[in-house]
Each structure stands twice: as structure tokens, then as C-alpha cells.
Visitor: 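Handing you this structure, nothing more for now.
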Amino acid sequence: MTESILLLDPRAVASTTKAKLQLGAITKQPANPLFSEEGCAHPPKPWEARLDNVYPNVIYDDEDGLFKCWYKSFIYDGLSNRTPLTQRPQQSYGESEREEGLLYATSDDGIYWEKPDLGIIDFEGSEANNLVMRRATHGLHAGGVLKDARDPDPARRYKFIHRNASARRMASCFSPDGLHWSQPIPWREHDAIGDCHNNAIWSSALERYICITRGWADGIRTVLRSESEDFIHWTKPFEIMRGLDAHDQIYSMPICLYGDLYIGLPSLFHKGDASAADWDTVDTELAISADSVNWRRICRRQSLIPRGEGEYPDGDYDCGCIYAAAPFVHDDKILIYYGGGNGRHNNWREGSLNLATLDLDRWAGYTARDTHDAATVETTALQLSGERLTLNAELGRGGWIRYALLDGGRAALAGFGFDDCLPVKRGGASCELRWRKSDIAMLKGRAARVAFNFQRATLYALNAAQLPAAD
């Protein structure tokens with residue numbers, strides 16, 4: 001992945017005129033659902049009674065050359081166990097006795113998955129299953145897995161953060177292989193409600209682990225943040241984001257680092273207005289942060305991964321709920337695995353693992369508010385490398401982009417004005433910005449603002465420049 005300046009980053013943009021941010025174009029994998037719950041399959045895997053939110057944790061393990069997924073299932077759900085698929089549409093759904101488990105699957109290509117018989121956890125007298133934890137043995141609820149190659153202790157290579165139902169506290173587990181897990185170590189100093197897809201990453205900039213978890217305030221769900229040096233002792237969780245109201249609650253938010261920007265994928269739970277078409281559904285949005293504390297929702301109330309069509313039981317596999325995993329880059333694509341549900345949150349639904357992809361850097365970009373108007377975007381002062389200055393952009397039919405380099409007073413540098421540029425008329429991941437008689441190499445080390453004037457185009461990212469170092 002190239003180091004890019006994403007134009008959705010407010011640190012990079014000084015002003016816009018007649019422009020708006022627009023989410024990038026998501027592509028759902030045609031093979032979706034990649035796998036579904038198999039409690040009612042033939043033959044059944046009875047420990048997959050209800051995948052529910054799935055809460056997938058997916059990585060590509062370079063060391064093993066393998067995609068790995070840890071996901072949630074209710075290994076026992078009384079109502080689901082007792083009710084065949086054909087009878088569910090005629091029967092009311094309700095809460096029932098449950099036990100949760102953490103399950104494991106692998107894939108060579110990220111599309112076709114295997115659920116191996118691991119021989120680790122007993123379920124109804126047999127270890128021929130893909131369970132790596134269950135509530136009865138580890139007290140787990142709603143956890144996140146990460147592989148931590150930087151930890152010198154091989155017994156702590158894999159880490160798991162979760163709400164421990166037995167200890168009734170947040171807790172951590174460790175594993176040498178992601179399969180055989182230690183007993184949970186409850187948080188000693190602090191706690192959080194944690195009823196969500198708890199997740200954690202290592203931040204090299206902070207030299208800390210960052211945990212994202214759940215809180216409650218004023219009757220709605222909130223997002224909390226905590227940090228730790230050792231994954232055992234955690235700071236007091238504090239609120240970093242909340243939704244607008246009961247119909248706009250943030251259920252969970254897996255995060256990742258993308259360059260020097262934190263990307264969050266908040267799941268928005270709509271539970272306020274029972275008459276609304278999206279009542280009791282869950283959508284996934286896009287959020288960003290420069291420091292993991294101050295977050296901004298991008299294109300608020302617009303789904304990064306659109307839900308499918310229809311209603312249970314005949315709707316699409318993800319027509320009711322979408323819970324994303326932390327995204328990552330693989331083979332020059334952004335991969336977003338997600339749990340999909342084919343029904344509303346508090347109703348019958350069958351869960352599945354799915355995949356959506358984005359082109360590199362195309363989380364969101366600037367486009368004109370009106371296709372008939374030209375728009376402008378001006379960056380903050382950027383440090384030019386003197387190498388080819390390229391723009392990641394998408395152009396529609398008849399679209400064009402003009403550009404200029406501006407000095408500190410926002411006057412065009414000699415030879416680098418709008419009239420001097422060679423307009424971009426074809427989009428791509430690397431559209432070179434060139435001027436008729438001036439070479440960008442002569443500006444190596446200079447600070448300049450880049451101004452764009454465009455129509456029927458979307459501007460995503462710049463390369464061969466960088467934001468100035470923070471004070």
C-alpha cells in the first residue's frame with residue numbers, strides 16, 4: 001500500500017466549494033455468503049445454533065500464508081435449536097437460554113472457507129468441532145482477536161479482548177497459535193459494559209494497545225476507548241463517540257490503522273422509531289480519526305456496505321444487519337469481512353460471513369454537489385517530494401480535473417497555475433499531475449497547496465507529498 005494523503009482527512013483539506021464527500025464504491029463478493037450457520041444444515045453442526053452478529057475477526061497471516069477467521073456463535077440457543085427453518089416465519093421470536101462460543105475457520109484465498117475439526121473443546125461429548133472457546137470454559141462474550149508479531153513472548157502471540165460473563169468484567173486471553181487459549185485475566189483497575197464486538201489494535205505511534213468497547217449514557221449505546229502497555233492493565237475507559245439518538249446508536253466499532261489514519265466501521269442500530277422502515281436493523285458506516293480519540297463520521301447515515309434487499313425469510317443474506325470486522329489491505333484491495341443477518345436484530349435471522357472490497361484509498365472522496373456544476377477543493381500546505389505528483393480519482397463521462405499549486409498567499413506558483421496544467425480527463429489510481437512547461441522536480445522540499453477545479457469526477461487521494469509533521 002502506498003502512503004497516500006486521503007482527501008477525506010480534514011487535516012489535508014483547507015477549503016471546498018460546491019463539493020461534498022461521497023463514499024467509495026463497495027463491491028460485494030459474488031460468492032457471498034462465504035459461509036452460513038450450520039445448526040440446521042444436513043448434516044448439521046449443532047454448535048452453530050445461531051451465528052447472530054457473527055462478530056468476525058479476520059486476518060491474513062503472512063507467516064502461514066492463510067486467511068484466518070474467529071467468529072461468534074451461540075453454540076446453544078434454545079429457541080433456535082427447537083425451531084426448524086421452515087417453522088420460524090410462523091413463530092414469534094423471543095429470548096431463550098443461550099451459551100456463546102468462539103469458532104475458527106481458515107481459507108487459502110479468503111473466499112472458500114473450511115471449519116476444521118480441532119479436537120480442543122468438548123461439545124456434547126465430542127471434540128470434533130471448530131470451537132476454540134466456549135462460555136463454560138472461558139466465560140467469553142463478544143470478543144476480538146489480534147495476532148501480535150511484535151510480542152517477544154510466543155505464548156502471547158495471539159490476544160483476545162472480551163467481556164467475561166463469568167467474572168462480569170472485561171478480560172484478556174493469550175494464545176501461542178490462536179487455537180489454545182489461556183484462562184481469562186480480568187481487568188483489575190477498571191471495567192466497561194463491553195456488550196459489543198470488543199476489539200483492540202497495537203498503535204506503534206502511541207506504543208500502546210487501544211481497545212474499543214461499549215458504554216451506555218442517557219439511555220443509548222456509546223463507544224468507549226481504553227489503552228494498555230501490556231494488554232492486562234487498562235486505563236479507565238472513556239467515551240469517544242455516540243450516536244444522535246435511540247434510532248442512531250453505535251452498537252460496535254472495529255478499528256484499524258490505514259497509513260497514519262485510524263479507520264472505524266461503526267455499526268448503527270436503529271431502535272428509536274418503530275414505524276421507520278429501518279427499525280431494528282443495523283447499518284455499517286465509516287468513521288475516521290487522526291488520534292483514535294476524536295472521531296468523525298463520514299457521510300453520516302449513509303451505509304458504507306449497503307444492506308441487501310427484502311425481508312425475512314425471503315430477503316437477501318444481509319438484508320437486516322451488517323456488522324463489519326476490522327478492515328485490512330491484501331493484494332492491493334481493502335478487504336472488509338462482515339457478519340450479515342437476513343432479518344431484523346430482535347427477530348429471526350440466520351447469520352453468515354461475507355466480504356466486501358474497496359479499491360485502495362477509496363474510502364470516500366470529494367465530488368461536486370451538483371453534476372452540472374464545477375467544484376473546487378484546496379488542500380492545506382503539503383510538503384512536495386519532487387517526484388511525480390499523482391491523484392487517485394474517478395471520472396465520469398465528460399469529466400475533467402484542472403489543478404494548480406499555490407504559495408502561502410494562495411497565489412499560483414509561476415508555471416504551475418490552472419492555465420498551465422494538462423487537465424486530467426481519465427480517472428485511475430495514479431493520474432499524474434503535469435504542467436506544460438514546468439517540472440514538479442524543481443519544487444522538491446517546497447511547501448505548497450494543491451487546488452483542484454473539477455466536474456463529474458471524484459477525488460480520493462494524493463501521492464508524492466506529505467502532511468507537515470505535527471507540532
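The basis for the numbers below is simple: all heavy atoms, side chains too, and nothing from hydrogens, waters or symmetry mates. All of these numbers come straight from a predicted model, not from anything done at the bench.
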Visitor: Please say whether the positively charged group of Arg208, taken as NZ for Lys or CZ for Arg, lies over the ring of Trp202, i.e. under 6.0 angstrom from the six-membered ring centre and within 45 degrees of the axis.
Guide: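 Because its charged atom misses either the 6.0 Å distance or the 45° angle limit, Arg208 does not stack over Trp202.
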Visitor: Run the salt bridge (charged side-chain N to carboxylate O under 4.0 Å, His left out) test against Glu95 and tell me which residues pass, sequence neighbours left out.
Guide: Arg98
Visitor: What I want to check is whether the side chains of Thr83 and Tyr93 have a donor and an acceptor closer together than 3.5 Å.
Guide: no
Visitor: Which distance, rounded to the nearest 0.5 Å, do you find between the NZ of Lys72 and the NE2 of His162?
Guide: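 One finds 13.0 Å between NZ of Lys72 and NE2 of His162.
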Visitor: Hey, are Tyr338 and Asp318 close enough side-chain-wise for a donor-acceptor pair under 3.5 Å?
Guide: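 On atom types as modelled, these side chains qualify, holding a pair under 3.5 Å.
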Visitor: Any chance you could measure Leu459, atom CG, to Gln22, atom CD, to the nearest 0.5 Å?
Guide: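 Rounded to the nearest 0.5 Å, the CG-CD separation comes to 11.5 Å.
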Visitor: Would you compute the distance between atom CG of Asn32 and atom CG of Leu353 and round it to the nearest 0.5 angstrom?
Guide: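 Reported to 0.5 Å precision, the distance equals 8.0 Å.
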Visitor: Determine whether a donor-acceptor pair (N or O, by modelled atom type, separation under 3.5 Å) exists between the side chain of Ser303 and the backbone of Pro306.
Guide: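 Answer holds: no.
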Visitor: Going by heavy atoms in the side chains, are Arg301 and Leu244 under 4.5 Å from each other?
Guide: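 Side-chain contact under 4.5 Å: yes.
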Visitor: Using side-chain heavy atoms (C-beta onward) and a distance below 4.5 Å, is Arg242 in contact with Ile250?
Guide: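 Arg242 does not reach Ile250 side chain to side chain.
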Visitor: For a quick test of reading the model, state the closest non-hydrogen atom pair linking Leu66 to Ser107 and the distance between them.
Guide: CD1-O, 3.4 Å
Visitor: For Glu239 and Ala217, which heavy atoms make the closest approach, and how far apart are they?
Guide: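 Here Glu239 and Ala217 meet closest at OE1-CB, 4.2 Å.
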Visitor: Test your reading of the model: is there a side-chain donor-acceptor pair from Gln455 to the backbone of His372, 3.5 Å cut-off?
Guide: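 Yes, the answer is positive, given that a donor and an acceptor are paired below the 3.5 Å cut-off.
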Visitor: Could you tell me whether the side chain of Thr376 and the main chain of Phe452 form a donor-acceptor pair under 3.5 Å?
Guide: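 Not a single qualifying donor-acceptor pair exists.
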Visitor: With a 4.5 Å cut-off on side-chain heavy atoms, are Glu97 and Asp77 touching?
Guide: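 A side-chain contact under 4.5 Å is absent here.
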Visitor: Quick one: are Trp234 and Ile161 in side-chain contact, heavy atoms under 4.5 Å?
Guide: yes
Visitor: Does Ser226 use its side chain to pair, donor to acceptor, with the backbone of Thr235 at less than 3.5 Å?
Guide: yes
Visitor: Nearest 0.5 angstrom please: Leu265 CG to Trp363 CH2, how far?
Guide: 5.5 Å
Visitor: With no hydrogens and no angle check, just 3.5 Å: does a side-chain donor-acceptor pair link Tyr71 and Glu48?
Guide: yes
Visitor: May I ask you to say whether Arg307 pairs ionically with Asp316, meaning some side-chain N is under 4.0 Å from a carboxylate O?
Guide: no
Visitor: Check this for me, if you would: do Arg11 and Asp260 make a salt bridge, where the nitrogen-to-carboxylate-oxygen distance has to be below 4.0 angstrom?
Guide: yes
Visitor: Using a strict threshold of under 4.0 Å (side-chain N to carboxylate O), is an ion pair present between Asp370 and Arg456?
Guide: no
Visitor: Do Asn198 and Tyr55 meet the criterion of a side-chain donor-acceptor pair at a distance under 3.5 Å?
Guide: no
Visitor: Within the 3.5 Å criterion, strictly below it, is a donor on His141 or Asp195 matched to an acceptor on the partner's side chain?
Guide: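 Yes, a side-chain donor-acceptor pair sits under 3.5 Å.
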Visitor: Side chains of Arg135 and Asn164: any donor to acceptor distance under 3.5 Å?
Guide: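 Short answer, no.
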Visitor: Using a strict 4.0 Å threshold on nitrogen-to-oxygen distance, state whether Arg300 and Asp248 make a salt bridge.
Guide: no
Visitor: Pick out which of Asp62, Asp177, Asp61 makes a side-chain hydrogen bond (donor to acceptor under 3.5 Å, both in side chains) with Lys147.
Guide: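 Of all the options given, the one that passes is Asp61.
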Visitor: Looking at residues at least two apart in the chain, or sitting in another chain, which of them share a salt bridge (charged side-chain N to carboxylate O under 4.0 Å, His left out) with Arg344?
Guide: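 Arg344 satisfies salt bridge (charged side-chain N to carboxylate O under 4.0 Å, His left out) with Glu311 only.
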Visitor: Tell me which pairs pass salt bridge (charged side-chain N to carboxylate O under 4.0 Å, His left out) where either residue lies in residues 319-328, with sequence neighbours left out.
Guide: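 Qualifying pairs, neighbours excluded: none.
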Visitor: Output yes when a side-chain donor or acceptor of Ser228 lies under 3.5 Å from a complementary backbone atom of His233, and no otherwise.
Guide: yes
Visitor: Minimum heavy-atom separation for Gly339 and Pro56, please, with both atom names.
Guide: N-CG, 3.7 Å
Visitor: Kindly indicate whether the side chain of Gln249, heavy atoms from C-beta on, has any atom under 4.5 Å from the side chain of Leu268.
Guide: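 With C-beta onward as the side chain, the pair stays apart.
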Visitor: Carefully, step by step, assess Ser292 and Arg225 under the rule side-chain hydrogen bond (donor to acceptor under 3.5 Å, both in side chains).
Guide: CA-CA 8 Å; Ser292 78; Arg225 177 191 181 279; 3.0 Å; yes
Visitor: If we only count heavy atoms from C-beta on, is the His270 to Asp283 side-chain gap below 4.5 Å?
Guide: yes
Visitor: Quick check for you: to the nearest 0.5 Å, what is the distance between Cys69 atom SG and Tyr104 atom OH?
Guide: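 Answer for the SG-OH pair, Cys69 versus Tyr104, is 9.5 Å.
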Visitor: Does anything in residues 264-279 form a salt bridge (charged side-chain N to carboxylate O under 4.0 Å, His left out)? List the pairs, not counting sequence neighbours.
Guide: Lys271-Asp280
Visitor: Taking it one step at a time, do Asp361 and Tyr258 satisfy side-chain hydrogen bond (donor to acceptor under 3.5 Å, both in side chains)?
Guide: CA-CA 9 Å; Asp361 297 345; Tyr258 188 88; 2.7 Å; yes
Visitor: Donor-acceptor pair, distance only, cut-off 3.5 Å: does the side chain of Trp348 make one with the backbone of Gln91?
Guide: yes
Visitor: Taking only residues two or more places apart in sequence, or in another chain, which ones meet Arg157 in a salt bridge (charged side-chain N to carboxylate O under 4.0 Å, His left out)?
Guide: none
Visitor: Where do Gly39 and Pro44 come nearest, in terms of heavy atoms and distance?
Guide: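 Closest heavy-atom pair between Gly39 and Pro44: O-CB, 3.3 Å.
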Visitor: Mark yes or no: Arg50 above the aromatic ring of Phe74, with NZ or CZ under 6.0 Å from the six-membered ring centre and no more than 45 degrees from the axis.
Guide: no
Visitor: Is Glu99 salt-bridged to Arg134, going by a charged N under 4.0 Å from an acidic O?
Guide: yes
Visitor: With a 3.5 Å cut-off and no angle check, do the side chains of Tyr158 and Lys68 form a donor-acceptor pair?
Guide: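 Lys68 and Tyr158 do have a side-chain donor-acceptor pair below 3.5 Å.
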Visitor: Taking atom types as modelled and ignoring hydrogens, do the side chains of Tyr312 and Glu350 form a donor-acceptor contact shorter than 3.5 angstrom?
Guide: yes
Visitor: Please evaluate residues Thr213 and Met170 with respect to the criterion side-chain contact (heavy atoms from CB on, under 4.5 Å), reporting the C-alpha separation (whole Å), side-chain torsions for both, the decisive distance (0.1 Å), and the verdict.
Guide: CA-CA 9 Å; Thr213 184; Met170 293 289 291; 3.8 Å; yes
Visitor: For Glu127, I'd like to know if atom CD has over 12 heavy atoms of other residues, nucleotides or ligands within 6.0 Å.
Guide: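 Counting other residues, nucleotides and ligands, CD of Glu127 exceeds 12 neighbours.
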Visitor: Going by atom types alone, do Ser36 and Ser352 pair a side-chain donor with an acceptor below 3.5 Å?
Guide: no
Visitor: Does Glu394 pair with Arg362 as a salt bridge, N-O distance under 4.0 Å?
Guide: yes
Visitor: Tell me, please, which residues at least two apart from Tyr60 pass ring-ring contact (aromatic ring centres under 6.0 Å, His included).
Guide: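 Expected list: Phe67, His330.
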Visitor: Any donor and acceptor pair, going by atom type alone, linking the side chain of Glu227 with main-chain N or O of Ile210 inside 3.5 Å?
Guide: no
Visitor: Any chance you could measure Lys45, atom NZ, to Glu38, atom CD, to the nearest 0.5 Å?
Guide: 4.0 Å
Visitor: Is it the case that the side chains of Asn347 and His345 hold a donor-acceptor pair, with the cut-off being a distance below 3.5 Å and no angle test?
Guide: no
Visitor: Under 3.5 Å, is there a donor-acceptor pair between the Trp47 and Asn130 side chains?
Guide: yes
Visitor: Is the shortest side-chain N to carboxylate O distance from Asp191 to Lys236 below 4.0 Å?
Guide: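 Judged by the 4.0 Å cut-off on N to carboxylate O distance, Asp191 and Lys236 do not form a salt bridge.
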Visitor: Do Ser172 and Lys159 come close enough that some side-chain heavy atom pair is under 4.5 Å?
Guide: no
Visitor: With heavy-atom distances below 4.5 Å as the criterion, would you say the side chains of Arg349 and Cys321 are in contact?
Guide: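 Counting from C-beta outward, Arg349 and Cys321 do come under 4.5 Å.
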Visitor: Can Arg221 and Asp245 be counted as an ion pair, charged N to O under 4.0 angstrom?
Guide: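 A salt bridge is absent here (no side-chain N lies under 4.0 Å from a carboxylate O).
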